[in-house]
Amino acid sequence: MSDCLFCKIAAGEIPADKVMEEDDLVVFRDINAQAPTHLLVIPRKHIASMNDVTVADAALLGRLLDACRRAAAHEKLTEYRIVNNCGESAGQSVFHIHLHLLGGRSLGWPPG
Ligand code: AMP
């Protein structure tokens, strides 16, 4: 999608601190980290939010989760949180689906 920030990061048109790049996904550091490790895992395919996922995307979502596991291992984390914010009131600010991978400190529950 031409005016999507994360599509541009995936395409290399906007710089980001990337830690993994694969055929179908990219992992990069959040610019406003909320924990010592705060990574964003995004598909290259533009999907606006979890509400826009179809069953055809099931394998891709599995790949995103697997990338979280591998990125956590890359960061030497065995304890971490994976978050998806869906919709503005849930905290979504970028409408290109992404998983947050947070770790490196104690994380409270429930989230705010
Ligand atoms: P969300 O609020 O769940 O949509 O998450 C979007 C995340 O993208 C936020 O945590 C932002 O800090 C992060 N973010 C926004 N712009 C950039 C950027 N240019 N590079 C890296 N992370 C970004």
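One-based numbering along the sequence shown.
- Considering every non-hydrogen atom in both A90 and N85, the closest pair reads O-OD1, 3.2 Å.
- The shortest side-chain heavy-atom distance between Q92 and N84 does not fall under the 4.5 Å cut-off.
- Counting only heavy atoms from C-beta outward, the side chains of E22 and R70 approach each other to under 4.5 Å.
- No more than 12 heavy atoms of other residues, nucleotides or ligands shown are found within 6.0 angstrom of CD on E79.
- Across all non-hydrogen atoms, the minimal contact from A10 to I42 is CB-CD1, 4.1 Å.
- Residues I47 and L5 are members of separate hydrophobic clusters, defined by side-chain heavy-atom contacts under 4.5 angstrom among Ile, Leu, Val, Met, Phe, Trp and Tyr.
- Under a hydrophobic-cluster definition in which Ile, Leu, Val, Met, Phe, Trp and Tyr are linked whenever side-chain heavy atoms come within less than 4.5 Å, directly or via other members, L65 and L101 are assigned to the same cluster.
- H98 has its ring centre less than 6.0 Å from the ring centre of H100.
- Annotation: side chain of L102 is in contact with side chain of Q34 (closest heavy-atom distance under 4.5 Å).
- Closest approach of F28 to K18, counting heavy atoms only: CB-CA, 3.8 Å.
- L39 has its side chain out of reach of D30: every pair of non-hydrogen atoms, C-beta onward, lies at least 4.5 Å apart.
- Not a single donor-acceptor pair under 3.5 Å links the side chain of R105 to the backbone N or O of T37.
- Taking 4.5 Å as the limit, some side-chain heavy atom of V53 sits within range of a side-chain heavy atom of L61.
- V41 and C68 make their closest contact through CG2-SG, 3.8 Å (heavy atoms, listed as atom of the first residue, atom of the second, distance).
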Requested in this report: Start with the C-alpha gap between L60 and K45, add the side-chain angles, then the distance that decides, and say whether side-chain contact (heavy atoms from CB on, under 4.5 Å) holds.
Outcome: CA-CA 9 Å; L60 179 59; K45 175 183 176 182; 4.3 Å; yes

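- Note on M20: it clusters hydrophobically with L99, by side-chain heavy-atom contacts below 4.5 Å among ILVMFWY residues.
- In the hydrophobic clustering of this structure, M50 does not group with L40; members are Ile, Leu, Val, Met, Phe, Trp, Tyr whose side-chain heavy atoms approach within less than 4.5 Å, directly or through other members.
- Note that the CD atom of E88 and the OG atom of S49 stand 11.0 Å from one another [nearest 0.5 Å].
- The main-chain N or O of P15 is never found under 3.5 Å from a side-chain atom of K8 such that the two would form a donor-acceptor pair.
- Side-chain contact between R81 and W109 is present, with heavy atoms from C-beta onward closer than 4.5 Å.
- Proximity of L64 to P43: side-chain heavy atoms (C-beta onward) are separated by under 4.5 Å at one or more points.
- Closest non-hydrogen pair, P36 versus G104, comes out as CG-O, 3.4 Å.
- In the hydrophobic cluster analysis, where Ile, Leu, Val, Met, Phe, Trp and Tyr join through side-chain heavy atoms closer than 4.5 angstrom, V19 is grouped together with L77.
- Counting heavy atoms from C-beta outward, I97 and D52 have side chains that stay 4.5 Å or more apart.
- Using a distance-only test at 3.5 Å, with no hydrogens or angles considered, no donor-acceptor pair links the side chain of R63 to the main chain of L25.
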Report task. Determine, step by step, whether R44 and F6 satisfy the side-chain contact (heavy atoms from CB on, under 4.5 Å) criterion, reporting the C-alpha distance in whole Å, the side-chain angles of both residues, the deciding distance to 0.1 Å, and the verdict. Result -> CA-CA 8 Å; R44 290 189 188 276; F6 285 1; over 6 Å; no

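- Counting all heavy atoms, side chain and backbone alike, Y80 lies closest to A72 at CE2-CB, 3.4 Å.
- Rounding to the nearest 0.5 angstrom, the gap separating the CZ atom in F95 from the CG atom in D3 is 13.0 Å.
- Note that the NE2 atom of H46 and the SG atom of C4 stand 5.0 Å from one another [nearest 0.5 Å].
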Query raised in the report: How far apart are the C-alpha atoms of R69 and H74, what are their side-chain angles, what is the distance that settles it, and do they pass the side-chain contact (heavy atoms from CB on, under 4.5 Å) test?
Result: CA-CA 9 Å; R69 178 187 60 79; H74 174 267; over 6 Å; no

